[in-house]
Amino acid sequence: MPRPIEALVHTDALRHNLARARAGAGDARVWAVVKANAYGHGIERAFEGLRGADGFALLDLAEAERLRALDWRGPILLLEGCFEPRDLELCSRLHLWHVVHCTEQIDWLAAHKTHEPHRVFLKMNSGMNRLGFTPAAFRSAYARLVALPQVDEVSLMTHFSDADGPRGVAHQVAAFQAATADLPGERSVSNSAAILRHGLRNDWVRAGILSYGSAPDFPEHDIAHWGLQPAMTLRSRVLAVQALAPGDTVGYGSSFTAERAMRIGIVACGYADGYPRHCGTGTPVLVQGRRTATVGRVSMDMLAVDLTELPEAGPGSEVTLWGRGPGGTILSIDDVARAAGTIGYELMCALAQRVPVHVSD
Ligand SMILES: Cc1ncc(COP(=O)(O)O)c(C=O)c1O
């Protein structure tokens, strides 16, 4: 019998979340952002739930090839564009739209022999200082691109640094609008937080984390607030039960000491499965759908949970590390991420290879 741990990808939740993105996007078309192997869910596994999107946005050319192998014929956008000149050949062959964020990428296009002109998204660095042309350099980059025979359509985009927080997006929106006001072309500015919090629409929105059922601005708002559903469940079972007397300790480093008699369950899940080692005592977990908490340090293959108030739980009991539990219960990945001092994005992307993943409808 295999270890009892498994992950589930919920097609219905992906569909639901995408519909949520559409509701927030008005008339804008929706990119489902599926970089990092669909945020850890697996492109092939997430495809059915997300195929109602207007396009897919990602970074890796190999992932774009996988989407075409699924017979996706609609738009695919490479969010970082080409990494070297010969990537343009694949863009031509697979009809990939690509971001242009630096002068070198324009030089490569100018030297590229293509039968069909390319659609590009010219990216502005409106304040995040990651990728893109500054507002001052944007117009000359635009002029160069529209003059190239290799290019038939130039769209305009930028990315927000603070759509999920108090600084907001106004300063970046102002910079973007000032530099692009009289330029023709479709626009794309919004990630999940901008869709949900700022209602910014333009022509295309880029729905990443919300599609997977994690709140971009947790803990200010949670998935219930935004009407999102977890698209990934990580679940396992209790392998063994230990009875603790006051003063007994649990796990490596004896970081937890029982102050009273306790029952703990040892669960087949550890950091080698992608469960964060930084989750200390008190991280929420569901056992048979009832909320309890971890005790002690997470080890490579196991962690311990408090069963003191759950006398019916024992070896074989189902444990939900995040996602959907039995009887309609839910433990948001955001709650677990917070206990690890991180964000839901990181946990879903870090699901380990060794965990078997199944698609559930
Ligand atoms: C350029 C770009 N657009 C959109 C997204 C999607 O962001 P989110 O997952 O917060 O919706 C990302 C993700 O980091 C991105 O880099």
Side-chain angles (χ1 to χ4, degrees), residues 14 17-18 20-25 28-41 43 46 50 53-60 63-64 75-83 96-102 105 120-133 155-165 167-169 172-173 176 186-218 220-223 226-228 230-232 332-334 337 342-350:
L14 291 165
N17 296 333
L18 188 64
R20 181 66 189 82
R22 267 203 196 289
R29 279 155 289 165
V30 178
W31 298 106
V33 182
V34 293
K35 64 195 174 102
N37 201 19
Y39 288 46
H41 294 65
I43 286 184
L50 296 178
D54 299 296
F56 288 94
L58 42 67
L59 317 177
D60 283 314
E63 291 188 341
I76 297 178
L77 175 66
L78 297 176
L79 287 167
E80 294 180 359
C82 295
F83 300 100
L96 308 180
W97 301 357
H98 46 105
V99 164
V100 170
H101 64 76
C102 62
Q105 290 177 329
V120 298
F121 277 65
L122 182 61
K123 182 158 184 174
M124 181 186 294
N125 169 13
S126 57
M128 186 163 190
N129 289 311
R130 214 169 56 167
L131 297 181
F133 292 89
S155 302
L156 316 174
M157 72 177 274
T158 195
H159 190 50
F160 297 129
S161 56
D162 290 80
D164 57 335
R167 191 171 180 212
V169 298
Q172 286 187 261
V173 170
F176 184 74
E186 294 192 339
R187 274 117 169 107
S188 175
V189 300
S190 291
N191 59 358
S192 296
I195 298 167
L196 295 172
R197 288 171 68 97
H198 304 287
L200 279 173
R201 293 165 172 184
N202 298 108
D203 299 297
W204 290 88
V205 298
R206 307 190 299 270
I209 195 70
L210 83 78
S211 309
Y212 304 99
S214 165
D217 57 353
F218 186 81
E220 187 182 342
H221 298 113
D222 61 13
I223 54 171
W226 293 123
L228 302 172
M232 181 193 286
S332 168
I333 198 168
D334 298 326
T342 184
I343 51 178
Y345 297 69
E346 187 178 357
L347 266 53
M348 54 181 80
C349 289

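As the structure is a prediction and not an experimental result, all values here were calculated from the model. Whatever order the structure lists ligands and atoms in, that order sets their numbers, starting from 1.
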Please list, in number order, the atoms of ligand 1 under 4.0 Å from a heavy atom of [X].
| X | result |
| --- | --- |
| I209 | 8 (P), 9 (O), 10 (O), 11 (O) |
| Y39 | 6 (C), 7 (O), 8 (P), 9 (O), 13 (C) |
| K123 | 1 (C) |

### Query
Just checking, any donor-acceptor pair under 3.5 angstrom between side chains of S126 and Q172?
yes
Considering heavy atoms of the protein only, find what lies nearest to [atom] and give residue, atom and distance to 0.1 Å.
| atom | value |
| --- | --- |
| atom 7 (O) of ligand 1 | N191 CB, 3.5 Å |
| atom 14 (O) of ligand 1 | K35 NZ, 3.0 Å |
| atom 3 (N) of ligand 1 | R206 NE, 2.7 Å |

### Task
State whether the shortest distance between N or O atoms of V33 and N or O atoms of ligand 1 falls below 3.5 angstrom.
no
### Query
Does the N or O separation between L79 and ligand 1 drop below 3.5 Å for any pair?
no
### Query
Is it the side chain, the backbone, both or neither of H159 that has a heavy atom closer than 4.0 Å to ligand 1?
side chain
### Message
Tell me the contacting part of R130 for ligand 1: side chain, backbone, both, or neither, using a 4.0 Å heavy-atom threshold, strictly below.
### Response
side chain
Check whether [X] reaches the backbone of [Y] with its side chain - one donor and one acceptor, N or O, closer than 3.5 Å.
| X | Y | value |
| --- | --- | --- |
| D54 | V30 | yes |
| R29 | G55 | no |
| R20 | G227 | no |
| D203 | R187 | yes |

### Query
Who's closest to atom 10 (O) of ligand 1 heavy-atom-wise, of F160, Y345, F121?
Y345
### Task
Would you tell me which option among G132, G344, S214, S192 has the nearest heavy-atom contact to atom 11 (O) of ligand 1?
S192
### Task
Measure the distances from the heavy atoms of H101 to every atom of ligand 1 and state whether one is below 4.0 angstrom.
no
### Task
Could you establish whether W31 and ligand 1 come within less than 4.0 Å of each other, counting only heavy atoms on the residue side?
no
### Message
Between H198 and S190, does the side chain to side chain contact (heavy atoms under 4.5 Å, CB included) criterion hold? Intermediate values first, please.
### Response
CA-CA 9 Å; H198 304 287; S190 291; over 6 Å; no
### Query
Would one find more than 12 heavy atoms of other residues, nucleotides or ligands at under 6.0 Å from atom CD of E346?
no
### Nearest heavy atoms of S192 and I209, plus distance in Å
OG-N, 3.3 Å
#### Entry: Test salt bridge (Lys or Arg N to Asp or Glu O under 4.0 Å) applied to E80 and K35, step by step
CA-CA 11 Å; E80 294 180 359; K35 64 195 174 102; over 6 Å; no
